[in-house]
Amino acid sequence: MARKQPIELFMPPNMLKAKVGGGAGGPDLAAIKRAEDAMQALEGEFGDWLATDVMALTDARARYAATADVEARNALLRTAHDIKGQAPTFNYPLIARVAASLSRLIGELPSNTAIPLNLVDAHVNAILVIHKHKMQDTNDKTAQALCAELDARVDDVLAKTAKK
């Protein structure tokens with residue numbers, strides 16, 4: 001019979017609490033308010049920043065369509081990956097999800113396998129529509145269906161490639 005080993009818990013010190021003044025007086029509410037105000041001041045620029053990223057994606061797609069070389073492929077992946085990471089900050093979680101699907105397609109396909117341009121186009125067009133219509137609600141049934149369909153098509157492509 002195996003003997004039960006006692007469980008030992010290690011609780012690391014909460015350094016964040018110390019840095020934000022989480023002692024007896026609580027967090028520095030004035031500092032939090034200043035940070036929130038700074039973010040709200042930048043909020044108007046978020047749309048411009050995302051629009052720039054979306055245009056960069058369409059440019060990267062056009063470059064890949066014209067010349068499907070390693071540099072164009074890497075530019076497409078890098079741009080999709082950047083959007084995937086930045087879109088939630090701009091309050092566009094649906095764009096982040098579509099960009100994640102596109103990043104997965106490009107990143108997981110072997111480098112010697114062409115990326116299906118029609119599937120790239122479907123992702124880019126979905127991002128354009130979501131951005132144009134300012135779709136930010138992740139509960140939107142149409143958006144959920146679109147994201148699920150894009151994910152399924154990526155799964156199909158990756159599965160077919162894995163069988164080869």
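Just so we're clear, the structure is a prediction, and the values are computed from it rather than from any experiment.
Minimum interatomic distance between Val154 and His123 (heavy atoms only, all atoms of both residues): CG2-CE1, 3.6 Å. Taking both residues in full, the closest heavy atoms of Ala72 and Tyr64 are given as CB-CA, 3.8 Å, listed atom of the first, atom of the second, then distance. Across every non-hydrogen atom of Leu117 and Ala65, the tightest pair is CD2-CB, 3.6 Å. Residues Val98 and Cys147 approach most closely at CG2-SG, 3.8 Å, considering heavy atoms. Considering all non-hydrogen atoms of both residues, Asp137 and Asn139 come closest at OD1-N, 2.9 Å. Closest non-hydrogen pair, Arg97 versus Asp151, comes out as NH2-OD2, 3.0 Å.
Arg104 places a side-chain heavy atom less than 4.5 Å from the side chain of Leu158. Under the 4.5 Å side-chain criterion, counting only non-hydrogen atoms from C-beta, Leu150 is not in contact with Leu102. Put simply, the side chain of Arg63 reaches to within 4.5 Å of the side chain of Glu71, judged on heavy atoms. Contact of the Lys134 side chain with the Tyr92 side chain is registered, since non-hydrogen atoms from C-beta on lie closer than 4.5 Å. You'll find the side chain of Thr79 stays beyond 4.5 Å of the side chain of Asp53, heavy atoms only. Pro116 places none of its side-chain heavy atoms less than 4.5 Å from the side chain of Asp121. Residues Gln136 and Ile95 fail the side-chain proximity criterion, which asks for heavy atoms closer than 4.5 Å. Under the 4.5 Å side-chain criterion, counting only non-hydrogen atoms from C-beta, Leu94 is not in contact with Gln144.
With rounding to the nearest 0.5 Å, the separation of CG in Asn125 from CG in Asn118 is 11.0 Å. Here CG of Leu146 is found 8.0 Å from CE of Met135. Values are rounded to the nearest 0.5 Å. The CG atom of Asp59 sits 11.0 Å away from atom CG of Leu76, with the distance rounded to the nearest 0.5 Å. From Ile127, atom CD1 reaches atom OG of Ser101 across 9.0 Å, with rounding to the nearest 0.5 Å. With rounding to the nearest 0.5 Å, the separation of CD1 in Ile83 from CG in Leu57 is 4.5 Å.
The main-chain N or O of Ala68 is never found under 3.5 Å from a side-chain atom of Arg73 such that the two would form a donor-acceptor pair. Side-chain atoms of Ser103 come within 3.5 Å of backbone atoms of Ala99 as a donor-acceptor pair (strictly under, hydrogens ignored).
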Exercise. Please test Leu50 against Thr89 for side chain to side chain contact (heavy atoms under 4.5 Å, CB included), starting from the C-alpha separation and ending with a verdict.
Key: CA-CA 10 Å; Leu50 186 58; Thr89 302; over 6 Å; no
